[in-house]
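Reminder, nothing fancy here: chain letters follow the sequence lines and each chain counts from 1.
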Number of protein chains: 2
Amino acid sequence: MATTRRQFDKDVALDAAMKVFWRKGYASASLADLTKTMGINKPSMYSAFGNKEALFIKATQLYIDTIIEPTGQLLSLKELPLKERLRNYMMRALELQCDPNNMKGCYLAFCRSEVSTGEIPAQAENMLKEFDVIPPPAYINLFKDDPESIELGLDKKAYENAMAIFTILKGTASMARSGVDKANLEFCIDSVIAGIGLK
Amino acid sequence: MATTRRQFDKDVALDAAMKVFWRKGYASASLADLTKTMGINKPSMYSAFGNKEALFIKATQLYIDTIIEPTGQLLSLKELPLKERLRNYMMRALELQCDPNNMKGCYLAFCRSEVSTGEIPAQAENMLKEFDVIPPPAYINLFKDDPESIELGLDKKAYENAMAIFTILKGTASMARSGVDKANLEFCIDSVIAGIGLK
DNA sequence: ACTTAGTTTTACTGAAAGGTATAATTCGGT
DNA sequence: ACCGAATTATACCTTTCAGTAAAACTAAGT
């Protein structure tokens with residue numbers, strides 16, 4: 001038997017699709033938009049990824065693996081003081097939200113807001129909810145388990161502190177999406193860090 | 001000449017349309033959605049409001065007049081100390097974002113994010129930008145002009161402080177949209193108020 | 001009661017949506 | 001060089017989109 005190789009790079013095409021979803025969201029990203037940016041035809045997309053929803057799920061996973069996960073690692077660098085570690089993480093997140101060479105804002109935050117419109121199919125919706133837990137357990141544990149946090153008594157409000165961190169980052173994502181650059185948003189992050197009593 | 005009165009209340013219909021746009025955004029709100037909720041037929045909508053874009057503009061104005069404006073008044077109650085005044089305002093905004101009897105989140109914040117998708121017609125886009133200036137001048141002036149703010153030296157960072165207030169409210173709007181209730185977000189607001197150094 | 005302006009209903013338009021059947025093409029195995 | 005299987009391109013499907021033409025209806029002025 002003879003097999004013919006695909007003429008396009010599936011990973012490159014998926015990355016292109018991710019950027020379209022990042023810009024347009026799920027509902028407004030048409031197959032014409034997607035396939036044009038991916039550089040392939042509709043039947044090629046369907047044979048390679050299944051359908052629009054499956055493509056979205058793979059694109060979302062790509063965002064999580066390449067953007068969310070690596071940034072989250074910054075919270076685990078135990079050799080740094082808690083405040084510095086948290087600040088590094090948040091500033092990195094802000095940097096990505098404002099990256100002039102990429103789509104602005106946060107893919108997850110943007111598409112998550114589409115859930116409330118009822119325009120996203122069930123499987124895709126579940127994935128968005130699963131990876132956008134409010135507030136993220138990693139944030140809660142940071143305040144609950146860290147010795148410095150416990151010493152400062154911040155563990156007693158671990159949930160609230162986690163919510164504050166998450167909420168301000170949602171805010172900066174929204175601002176970044178509207179074109180505000182990093183320099184104008186750094187102060188917001190430092191305000192929250194100071195506000196929750198981290199020294 | 002003889003005239004026939006409209007059989008539906010234009011204000012009621014517009015309020016219904018506003019709620020559809022609030023839930024779906026501009027692009028995903030279909031005329032079928034809109035007219036069904038408004039309780040009228042398509043030709044009635046076109047004769048009463050013009051077209052989808054004109055309807056959206058009138059709905060947006062209604063939101064500004066009934067929600068944004070009255071809440072903004074709370075910032076002008078000069079008899080209260082600055083901190084209390086600001087906190088009252090922010091808590092009222094949060095209350096509206098989390099109102100269980102209404103759509104969650106902020107109509108302006110939600111629809112503003114659609115601007116970056118390129119799916120909104122020019123006139124509607126301009127209106128969203130015009131009424132969602134970053135950060136709002138009222139916030140800047142609050143820190144620039146208020147005697148208390150000047151005494152605390154907050155006027156020197158009026159722009160940054162305004163941005164922090166605006167950003168956290170965008171964050172809570174995003175959270176509220178995802179179903180988080182008021183009680184879980186109040187702490188975020190107090191964190192920012194404390195963080196910018198308001199006493 | 002009749003005329004008539006204005007409203008509402010019905011039925012439609014062309015375009016674009018997601019998705020697919022079919023035919024043309026490409027390329028590895030022999 | 002040619003066979004055969006997988007991929008690609010073309011052209012189409014049904015549904016839904018925003019928007020509208022025309023007919024049916026409603027009610028005010030006479």
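- Looking at the side chain of P43(B), the nearest of the listed nucleotides dT20(D), dG19(C), dG19(D) is dT20(D).
- Taking atom CE on M45(A) and atom C1' on dA17(C), their separation rounds to 13 Å, with Å as the unit.
- Distances shown here put every side-chain N or O of Q7(B) at or beyond 4.0 Å from the OP1 or OP2 atom of dG6(C).
- Spacing between atom CZ of F49(B) and atom P of dT7(C) amounts to 12 Å, rounded to whole angstrom units.
- Counting any heavy atom pair closer than 4.0 Å across all strands shown, A27(B) reaches no nucleic acid atom.
- Minimum atom distance to the side chain of S30(A) is reached by dG18(C), of the listed dT20(C), dG18(C), dA27(D).
- Summary of the strand contacts: F8(B) and L34(A) both lie near DNA chain C, and taking for each the nucleotide with the nearest heavy atom, the more 5' one is attributed to F8(B).
- Distances were taken from every side-chain heavy atom of A32(B) (C-beta onward) to each of dG19(D), dC17(D), dG19(C); the shortest belongs to dC17(D).
- For K10(A) and dA6(D), the NZ to P distance is 15 Å, given to the nearest whole Å.
- Remark: C1' of dA18(D) and CG of D33(B) are 13 Å apart, rounded to the nearest angstrom.
- Put simply, CD on E148(A) and CZ on R85(A) are 7.0 Å apart, with the number rounded to the nearest 0.5 Å.
- If you look at F110(B) and W22(B), their ring centroids are not closer than 6.0 Å.
- Distance E119(A) CD to dA17(C) C1': 12 Å, rounded to the nearest Å.
- Between F56(B) and the options V20(B), L128(B), L34(B), a side-chain contact (heavy atoms from CB on, under 4.5 Å) holds for only L128(B).
- With DNA chain C read from its 5' end, the first of the two nearest nucleotides for R6(B) and K42(B) is the one closest to R6(B).
- Within 4.0 Å of A48(B), counting heavy atoms only, lies no atom of the nucleic acid at all.
- Following rounding to the nearest Å, Y46(B) (OH) and dG19(D) (C1') show an atom-to-atom distance of 4 Å.
- Salt-bridge check for R87(A) with D190(A): passed, with a basic side-chain N closer than 4.0 Å to an acidic carboxylate O.
- Between the side chain of D132(A) and the backbone N or O of A109(A) there is no donor-acceptor pair closer than 3.5 Å.
- As a whole-Å value, the separation of I40(B) CD1 from dT8(C) P is 8 Å.
- One interatomic measurement links the two molecules: NZ of K36(B) to P of dA18(D), which rounds to 15 Å at whole-angstrom precision.
- OP1 or OP2 of dT8(D) sits under 4.0 Å from a side-chain N or O of S44(A).
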